[in-house]
J.: 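Next up is a structure, given as structure tokens.
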Amino acid sequence: NGLVAMRFQNDGVWGEWEYANPQMEYGTEYRTTERWQRNAVYYKLVSFGNLPNATTKSVPIGAGEIDWAFIDLSKSWVGNSSDNSTNRATCLSKVTDITIEQGQISITTNADMTGSVAYIAVKYTKKTE
């Protein structure tokens, strides 16, 4: 099916399975082969639901304690909720801010975008104990 996963052995100890190309099912967390400051990078496609009406809306990522996060807009999707047509450029032009803070994605719009839904791709590392 084109899915590639791998794991590495270090001093006789096998690490966790990591994905080179996560299949991106909504809400599923994937540990990738990428690293950021020596930490494993996780990837998740978050269903944001309908965008807000000229205000800010926040949705939890649902990934536990996040240390660092990055929104991958190239993998994110925004479209019309009634027919699922992609009008990404029009929708993104009305988004004034996208942030990740305290485990939540917040999107601010400058117009009524309640007829559009979004799926946001997030890469992140987790806090270590």
Side-chain angles (χ1 to χ4, degrees):
N1 63 3
L3 185 64
V4 177
M6 60 187 77
R7 64 183 183 163
F8 300 94
Q9 188 181 55
N10 189 8
D11 292 330
V13 178
W14 284 100
E16 294 184 44
W17 284 101
E18 299 174 338
Y19 292 90
N21 61 339
Q23 58 194 19
M24 299 309 297
E25 291 180 2
Y26 302 123
T28 301
E29 178 181 85
Y30 297 94
R31 181 180 167 136
T32 71
T33 57
E34 294 180 59
R35 295 289 183 271
W36 186 76
Q37 294 186 349
R38 301 176 125 185
N39 295 311
V41 173
Y42 296 83
Y43 209 90
K44 190 172 193 178
L45 189 59
V46 177
S47 175
F48 192 83
N50 288 70
L51 293 171
N53 179 4
T55 188
T56 300
K57 176 182 173 183
S58 298
V59 172
I61 295 171
E65 296 272 339
I66 295 175
D67 184 40
W68 165 88
F70 168 77
I71 296 172
D72 188 352
L73 284 178
S74 67
K75 302 283 186 200
S76 299
W77 181 90
V78 178
N80 186 295
S81 61
S82 61
D83 63 4
N84 288 329
S85 64
T86 303
N87 53 7
R88 177 187 172 111
T90 302
C91 288
L92 289 178
S93 71
K94 295 176 182 177
V95 171
T96 58
D97 195 29
I98 301 175
T99 60
I100 297 178
E101 193 172 3
Q102 297 179 354
Q104 295 204 48
I105 299 172
S106 297
I107 296 180
T108 304
T109 63
N110 61 8
D112 183 359
M113 298 299 296
T114 56
S116 298
V117 295
Y119 296 94
I120 309 298
V122 182
K123 289 183 175 183
Y124 54 91
T125 59
K126 294 183 177 184
K127 290 184 179 178
T128 55
E129 297 182 26

J.: Any side-chain to backbone donor/acceptor pair from Thr32 onto Tyr42? Under 3.5 Å, distance only.
T.: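 Checked: no pair found.
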J.: Check whether any side-chain N or O of Thr109 sits under 3.5 Å from a backbone N or O of Pro52 as a donor-acceptor pair, and report yes or no.
T.: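 Present.
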J.: Might you work through the side-chain contact (heavy atoms from CB on, under 4.5 Å) test for Val59 and Ile120, ending with a clear yes or no?
T.: CA-CA 10 Å; Val59 172; Ile120 309 298; over 6 Å; no
J.: Return the CD1 to CD1 distance between Ile61 and Ile105, rounded to the nearest 0.5 Å.
T.: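 Taking CD1 in Ile61 and CD1 in Ile105, the distance rounds to 4.5 Å.
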J.: If I compare all heavy atoms of Val41 with all of Lys123, which pair ends up nearest, and what's the gap?
T.: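 Shortest heavy-atom separation between Val41 and Lys123 comes out as CG1-CB, 4.0 Å.
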J.: Name all residues meeting the ring pair (Phe, Tyr, Trp, His ring centres under 6.0 Å) criterion together with Tyr26; count only those two or more places apart in sequence or in a different chain, and write none if there are none.
T.: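 With neighbours one apart ignored, the set is Tyr119.
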J.: Do you know the tightest heavy-atom contact between Gly27 and Lys44?
T.: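 Shortest heavy-atom contact: O-CE, 3.2 Å.
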J.: Do you know the tightest heavy-atom contact between Ala111 and Lys94?
T.: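 In terms of heavy atoms, the two residues are closest at CB-CD, 3.9 Å.
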J.: Drop me the distance from Thr108's OG1 to Leu51's CG, to the nearest 0.5 angstrom.
T.: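 Result: 10.5 Å between the selected atoms.
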J.: Between atom CD1 of Ile66 and atom CD1 of Ile100, what is the distance when rounded to the nearest 0.5 Å?
T.: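 The distance works out to 6.5 Å.
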J.: To the nearest 0.5 angstrom, please state how far the CG atom of Asn110 sits from the OG1 atom of Thr96.
T.: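 Asn110 atom CG to Thr96 atom OG1 measures 5.5 Å (nearest 0.5 Å).
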J.: What distance separates Gln37 CD from Trp68 CH2, expressed to the nearest 0.5 Å?
T.: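 Answer for the CD-CH2 pair, Gln37 versus Trp68, is 9.0 Å.
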J.: Give the minimum heavy-atom separation between Val46 and Pro60, together with the two atoms involved.
T.: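 Result for this residue pair: CG1-O, 4.1 Å.
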J.: Is a donor on one side and an acceptor on the other found under 3.5 Å between the side chain of Lys57 and the backbone of Asn50?
T.: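 Side chain of Lys57 to backbone of Asn50, a donor-acceptor pair under 3.5 Å: yes, one is there.
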J.: Taking only distance into account, with no hydrogens and no angle test, what donor-acceptor pairs under 3.5 Å do side-chain atoms of residues 8-17 form with protein atoms, sequence neighbours excluded?
T.:
residue : atom : partner : partner atom : Å
Glu16   : OE2  : Arg31   : NH1          : 3.1

J.: Nearest 0.5 Å, please: how far is CG in Leu45 from OG1 in Thr28?
T.: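 Thr28 atom OG1 to Leu45 atom CG measures 9.0 Å (nearest 0.5 Å).
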